[in-house]
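Note sheet for the following structure.
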Amino acid sequence: MDWKDAAIGLAANAALGLAAFAARAVGKSGLVAGTILGTLLWVLAGWQSWCLLVAFFIVGSGLTKFGAEEKEARGIAEAAGGRRGARNALAKVTPGLLCAVLARLLGDPDGAWHTALAATFATAAGDTAGTEVGKAIGRTPILLTTFRRVAPGTIGAVSVEGTLAGIVASAVLAALGGFLGSYAPIAPVTGSLIVVAAAFGGNLFESWINAALAGRRKLDHEVSNFLLCVVGGAIAFTLARFFG
């Protein structure tokens, strides 16, 4: 391990965490967990992959505040003012971290693991964007299992507005990954398209599974977040191996 690089990573993550805590974007547990997970990602996958994590965090935190008054009036705003805790950090960062570990252990000559890593964060960004924008301005939320309209904020519901916001958010992260060379040796455009497709697939899966479970049992929110990121990463890995 390059201890100097690790120290730089720790300092960068601590600074980001303290800034997020001051901005009331994370709670105390989120600050600690985010600093640890972010430092591990920096050490295992480099600052480029860490930048994708930062981009996801900025997009997610910003959109959580989007239409806050409307969401609060409807009673569907995020708890604790949108401050993220340790469980949220673990759910949405661990899948990417696992990709980094596997890339280190197994090697990544075709770029599939790093493409999957980027896809986990793009999937998470798409999920947050779709949820927060959908709750704020979504006018046509439906359940994928029945295609019946439901109230905004219903678990498993999707809307045109939220879906488009999710695609845009995931495309932003995918483009950033291409710019940073995260998909090499896969071409940046090809890698970016794979990541957007994977993020869409991961979010579609989460909406469907939550809609399918509606009325039976409620899937834990953080478990659902973890699964959607894993599915997005798995789709990206498969597509990268096939098309990359």
Side-chain angles (χ1 to χ4, degrees), residues 26 30 33-34 36-38 40-42 44-45 48-61 63-64 78 84-103 108 111-134 155-156 158 162-163 165-177 182-183 191-213 219-241:
V26 300
I36 293 172
L37 294 171
L40 288 173
L41 184 68
W42 180 298
L44 291 170
Q48 295 91 339
S49 294
W50 179 77
C51 284
L52 295 176
L53 169 60
V54 174
F56 152 65
F57 179 74
I58 292 173
V59 169
S61 297
L63 289 176
T64 298
E78 286 289 322
R84 266 50 178 184
R87 294 187 75 234
N88 184 269
L90 286 166
K92 291 194 169 181
V93 179
T94 302
L97 195 56
L98 289 174
C99 290
V101 170
L102 290 170
D108 193 29
W113 283 120
H114 281 85
T115 302
L117 186 159
T120 65
F121 293 126
T123 304
D127 171 59
T128 302
T131 299
E132 297 302 334
V133 172
I155 297 175
V158 297
T163 300
I167 292 173
V168 171
S170 61
V172 169
L173 261 75
L176 177 61
S182 299
Y183 316 128
S192 296
L193 291 174
I194 288 173
V195 167
V196 173
F200 181 76
N203 280 285
L204 199 65
F205 166 80
E206 188 209 26
S207 295
W208 180 85
I209 194 67
N210 277 303
L213 291 174
L219 187 63
D220 181 83
H221 182 62
E222 308 309 344
V223 171
S224 178
N225 284 337
F226 177 80
L227 288 176
L228 86 95
C229 293
V230 168
V231 171
I235 293 174
F237 180 83
T238 303
L239 292 175
R241 279 288 171 89

Practice task
First locate atom OG1 of Thr131, then atom CD1 of Ile155, and finally report the distance between them rounded to the nearest 0.5 Å.
Solution key: 10.0 Å
Practice task
Just grab all the salt bridge (Lys or Arg N to Asp or Glu O under 4.0 Å) pairs involving residues 88-99, residues at least two apart or on different chains.
Solution key: Lys92-Asp127
Handout entry: Exercise: identify the closest heavy-atom pair between Leu90 and Pro95
Key = O-CD, 4.1 Å
Completion exercise
CD1 of Ile194 to CZ of Arg241, rounded to nearest 0.5 Å, is 12.0 Å
Practice task
Please name the pair of heavy atoms, one in Ser170 and one in Ala199, separated by the smallest distance, quoted to 0.1 Å.
Solution key: CB-CB, 3.6 Å
Problem - For the student: nearest non-hydrogen atoms of Ser192 and Ala174, plus distance - result: OG-O, 3.1 Å
Handout entry: Student check: side-chain heavy atoms of Val195 and Tyr183 closer than 4.5 Å
Key = yes
Practice task
With sequence neighbours left out, write down each residue that passes ring-ring contact (aromatic ring centres under 6.0 Å, His included) with Phe237, or none if nothing qualifies.
Solution key: Trp113
Practice task
Evaluate the side-chain proximity of Ile58 to Val54: yes if any heavy-atom separation is below 4.5 Å, no if none is.
Solution key: yes
Handout entry: Partners passing side chain to side chain contact (heavy atoms under 4.5 Å, CB included) against Ala100 (at least two apart in sequence or in another chain)
Key = Leu41, Leu44, Ala45, Leu117
Exercise for the section: Could you list all the side chain to side chain donor-acceptor pair (under 3.5 Å) pairs where at least one residue sits in residues 227-236, not counting sequence neighbours? Expected result: none
Fill in the blank from the handout: Hits for side chain to side chain contact (heavy atoms under 4.5 Å, CB included) against Leu40, two or more places apart or cross-chain, chain-then-number order -> Ile36, Leu97
Exercise for the section: Would you give the length of the straight line joining atom CG of Leu102 to atom CG of Asp108, rounded to the nearest 0.5 angstrom? Expected result: 10.0 Å
Completion exercise
Sorted by chain and number, sequence neighbours left out, side chain to side chain contact (heavy atoms under 4.5 Å, CB included) with Ala171 holds for Val196
Practice task
Can you tell me which residue pairs pass the side chain to side chain donor-acceptor pair (under 3.5 Å) test with a partner in residues 194-209, sequence neighbours excluded?
Solution key: Glu206-Ser224
Fill in the blank from the handout: Scanning both residues in full, the closest heavy-atom pair of Cys229 with Thr120 reads O-CG2, 3.5 Å
Problem - Contact list for residues 220-231, test salt bridge (Lys or Arg N to Asp or Glu O under 4.0 Å), sequence neighbours left out - result: Arg87-Asp220
Practice task
Search all heavy atoms of Val59 against all heavy atoms of Ala169 and return the closest pair with its distance.
Solution key: CG1-CB, 4.1 Å
Exercise for the section: Kindly check if the number of other-residue, nucleotide or ligand heavy atoms within 6.0 Å of CZ (Phe200) is above 12? Expected result: no
Handout entry: Partner residues of Ile235 under the side chain to side chain contact (heavy atoms under 4.5 Å, CB included) criterion, sequence neighbours left out
Key = Ala198, Val231, Leu239
Completion exercise
Of all heavy-atom pairs linking Ala33 and Ala89, the shortest is CB-CB, 4.2 Å
Handout entry: Residues which pass side chain to side chain donor-acceptor pair (under 3.5 Å) with Asn88, listed by chain and number, not counting sequence neighbours
Key = none
